[in-house]
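On a predicted model such as this, the values are computed, not experimentally measured, just so you know. Both backbone and side-chain heavy atoms feed into the values below; hydrogens, waters and symmetry mates do not.
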Protein chains: 2
Amino acid sequence: MAKQNTVFKDAYNRCLKVLAETSSLPSEPELGQVLGVSRTTVRAILGRFEEAKLITWDKRKKIVLRQPQPEDYFPAEETDSLAEIIERSFMRRILAGGAEPGMQINELELAREIGTGTTSVREFLIRFSRFGLIEKRPNSHWILKGFTREFALELTEVREMFELRSAASFVALPDSHPAWQELSKIETLHREILADIDNRYKEFSELDERFHLLVHKSSSNRFIIDFYDIIAIVFHYHYQWNKTNARQRNARALEEHLAYIEALRSHDPKRAEEACRRHLRSARETLLQSIP
Amino acid sequence: MAKQNTVFKDAYNRCLKVLAETSSLPSEPELGQVLGVSRTTVRAILGRFEEAKLITWDKRKKIVLRQPQPEDYFPAEETDSLAEIIERSFMRRILAGGAEPGMQINELELAREIGTGTTSVREFLIRFSRFGLIEKRPNSHWILKGFTREFALELTEVREMFELRSAASFVALPDSHPAWQELSKIETLHREILADIDNRYKEFSELDERFHLLVHKSSSNRFIIDFYDIIAIVFHYHYQWNKTNARQRNARALEEHLAYIEALRSHDPKRAEEACRRHLRSARETLLQSIP
DNA sequence: AATCTGTCTATTGTGGATAAAAGACAAATA
DNA sequence: TATTTGTCTTTTATCCACAATAGACAGATT
């Protein structure tokens, strides 16, 4: 096969939710906007809705016939893009599985294991190489440099430089800047999660990313913002992998974030720097502890 | 065709130079070491040498019959790897040609223009995207962000952070560290070029890269070192493109480098920082002046 | 007049095929 | 015994084909 129609399936599932809340669907371009896909895909979805007797479709009239049932949805594993599948599969291997530094990475083997073509694996590895965990020997294999202590130290060194600089930009933002509103929303979420920490501590990971990304964005520097991708992916998989004391660690980090947010609000560069430093220091410790 | 044998051709040309200086060639593994290729390629070269009556080859005996002539070499354009060809071709388009920010980049068109398959172009674009000059819209085209003033400012902002940090590491290196020797060599070259600046100012570009890379390397941080790739490629093409006042600019930069080198030698962090800042400031000005 | 739909074309994403290059292993040689 | 060579296998780099998806344009509809 040439291409998995994951865009179609994912948009189809999301469109079912739109359908559930109305009695007739909007125009094709509008649906395309809402779902973030082209009209071609929208029309494919509408065609399938018609087949499934979810709607009648005659030009501009798209009348909802019935509510979608669970079995109308495509299974979740069919809506992941190939890139996501490869990434997950690869990260599991190198983070969880005993992958030692210096190990060779074989494109063909990886492709067979994941059940995909070599081209996709190759492209993934090229994209992934910017994270500094693998390295290519031209005309030959890739080498796994490994999620080592050095890696974590080098990563956090740059992270600290970038985030301190970003925090300094943040405090200088005018009050009218939308970042302050987003910061308020994030703060509220922090308080909500802290209030019910035992049940909701798992939501921290996502919130952490949202908060730090907001800070990095105020640097207005594409290299600083792009670098946050590396931090995000490392922490993302790190959270999934290392669950010891997760509740306690997350609670502490949430408190630190709140202090950091307050410091940003003060518009005082010194306070912001201090709060930022304090949080980054403990984030680094947490990361280092998870490495043998 | 599947693969251009550029590795073979390039190694063949280099091997001709080895051949010119001896009466019998060393063992296959040793040649492989010297040329940086596998034995398979070495054997292919030896086979071709035999056909061209450059040597006789019988097992361990590889006796040189005649000196290589200019026509024994493969033409230079056949020894460039596809990746190099694509890079050059692409950089010419976006730096020299009137490529406006926001322009769409079409993989197929690019491939046709360069005379190559789409896969190679795709892989190049993915690798290239980390330089922050292009951006991908999934399932759709790439967008050229352009070599703009903002780009240059963002690039130099990070460069300054990284190089200041690296320079601080450099002054702290123990005297026994090999970097000091390399620094001496670089200094000597600076003086040589300055002494004959009118004829040799074009050698600055390469030396500049060598010097700054040495400084960055002392950070021992892969992210800082990798980032230097971006600076290097930008300045590399920038030097090729913008030749106004090249002699004068290079002379000034050479002087700044010498002051910078002396400051590093002093082991005094303050002096090094100051010299580094001074040079980076003027490098930034030079870069900015070349942008409309 | 503005938007929408029908239809068609162009481009991307992905698997598969193949030559080039790397590399493994045993037999040969110094 | 340590290299080197001959032979064979494996892997990468690259092209190509084709389905999925995006996107363009003219005619239809409000």
Side-chain angles (χ1 to χ4, degrees), chain A residues 1-11 26-32 35-47 57-62 81-83 85-86 104-112 114-126 136-142, chain B residues 1-11 26-32 35-47 57-62 81-83 86 104-112 115-126 136-142:
Chain A
M1 63 219 103
K3 207 174 179 179
Q4 301 298 319
N5 53 349
T6 56
V7 172
F8 166 76
K9 286 176 178 172
D10 183 55
S27 75
E28 296 171 13
E30 197 181 327
L31 268 177
L35 300 170
V37 295
S38 72
R39 257 190 70 217
T40 306
T41 304
V42 169
R43 288 172 65 86
I45 292 170
L46 292 174
W57 180 26
D58 179 43
K59 299 184 176 174
R60 304 182 183 212
K61 291 192 188 66
K62 310 171 190 86
S81 80
L82 191 47
I85 294 170
I86 296 176
Q104 294 183 10
I105 298 168
N106 185 314
E107 295 176 2
L108 203 61
E109 188 187 321
L110 211 58
R112 272 195 293 253
I114 300 173
T116 177
T118 50
T119 313
S120 314
V121 169
R122 246 179 105 72
E123 288 183 1
F124 167 78
L125 291 172
I126 294 170
K136 177 137 194 63
R137 298 292 150 92
N139 286 310
S140 184
H141 49 259
W142 291 82
Chain B
M1 62 220 106
K3 207 177 181 178
Q4 300 298 319
N5 53 349
T6 56
V7 172
F8 165 76
K9 287 177 177 169
D10 183 54
S27 76
E28 296 171 13
E30 197 181 325
L31 267 177
L35 301 170
V37 295
S38 73
R39 255 190 71 219
T40 306
T41 304
V42 169
R43 288 172 65 84
I45 291 170
L46 292 174
W57 179 25
D58 180 43
K59 300 186 179 174
R60 306 186 181 208
K61 292 194 186 65
K62 309 171 190 87
S81 80
L82 192 47
I86 296 176
Q104 294 184 11
I105 298 167
N106 184 314
E107 294 176 3
L108 204 59
E109 188 187 319
L110 214 55
R112 272 195 293 251
T116 178
T118 50
T119 314
S120 313
V121 169
R122 250 178 102 73
E123 289 182 1
F124 166 77
L125 291 171
I126 294 171
K136 177 140 194 63
R137 297 292 149 91
N139 286 309
S140 184
H141 50 258
W142 291 81

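- The minimum heavy-atom distance linking Val37(A) with Ala11(A) is given by the pair CG1-CB, 4.0 Å.
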Output, in order, the C-alpha distance, side-chain angles, deciding distance and verdict of side-chain contact (heavy atoms from CB on, under 4.5 Å) for Trp142(A) and Ile126(A).
CA-CA 10 Å; Trp142(A) 291 82; Ile126(A) 294 170; 4.2 Å; yes

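- No donor-acceptor distance shorter than 3.5 angstrom exists from the side chain of Asn5(A) to the backbone of Phe8(A), with no hydrogens or angles considered.
- When heavy atoms are screened at a 4.0 angstrom cut-off, Ile86(A) is found touching no nucleic acid atom at all.
- A distance of 9.5 Å separates OG1 in Thr41(A) from CG in Leu35(A), rounded to the nearest 0.5 Å.
- A donor-acceptor contact under 3.5 Å links the side chain of Thr119(B) to the base of dC16(D).
- Among Arg60(A), Arg43(A), Lys62(A), the one residue that satisfies the salt bridge (Lys or Arg N to Asp or Glu O under 4.0 Å) test with Glu28(A) is Arg43(A).
- Atom C1' of nucleotide dG6(C) and atom CG of Leu46(A) are separated by 13 Å, given to the nearest angstrom.
- The side chain of Asn106(B) lies closest to dT12(C) when the candidates are dT12(C), dC15(D), dT14(C).
- Annotation: of the two residues near DNA chain D, Lys62(B) and Lys136(A), the 5′-most nearest-nucleotide partner is Lys62(B).
- Nearest-nucleotide mapping onto DNA chain D: of Val7(A) and Glu107(A), the residue sitting toward the 5' end is Glu107(A).
- Rounded to a whole Å, the CD atom of Glu109(A) is 16 Å from the C1' atom of dA22(C).
- Atom CD of Glu30(A) and atom C1' of dC4(C) are 11 Å apart (whole Å).
- Each of Asp58(A) and Gly115(A) was assigned the nucleotide of DNA chain C with the nearest heavy atom; the assignment lying further toward the 5' end belongs to Asp58(A).
- Looking at the side chain of Thr41(B), the nearest of the listed nucleotides dA22(C), dT7(D), dT12(D) is dA22(C).
- With sequence neighbours excluded, the residues that form a salt bridge (charged side-chain N to carboxylate O under 4.0 Å, His left out) with Glu107(B) are Arg122(B).
- As judged by a 4.0 angstrom heavy-atom cut-off over every strand, Lys9(A) is placed among residues making no nucleic acid contact.
- Of all heavy-atom pairs spanning Thr116(B) and Ile86(B), the tightest one is CG2-CD1, 4.4 Å.
- Whole-Å rounding puts the Ile126(B) CD1 to dT14(D) P distance at 14 Å.
- For the pair Leu82(A) CG and dA19(D) P, the interatomic distance rounds to 18 Å; values are reported in whole Å.
- Sequence order on DNA chain C of the closest nucleotides to Trp57(A) and Thr116(A) puts Trp57(A) first from the 5' end.
- The two residues Ser81(A) and Thr6(A) have their closest heavy-atom pair at CA-OG1, 4.0 Å.
- Side-chain N/O atoms of Lys3(B) and base N/O atoms of dT12(D) include a donor-acceptor pair closer than 3.5 Å.
- What separates CG of Leu108(B) from P of dG13(C) is a distance of 12 Å, to the nearest Å.
- Rounding to whole angstrom units, CD of residue Glu123(A) and C1' of dT12(D) are separated by 15 Å.
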Contact string for nucleotides 23-30 of chain D, one letter per nucleotide 5' to 3', B = base within protein heavy-atom range under 4.0 Å, S = sugar-phosphate only, - = neither, reads BB---BB-

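- Rounded to an integer number of Å, the gap from CZ of Arg122(A) to C1' of dC15(D) is 12 Å.
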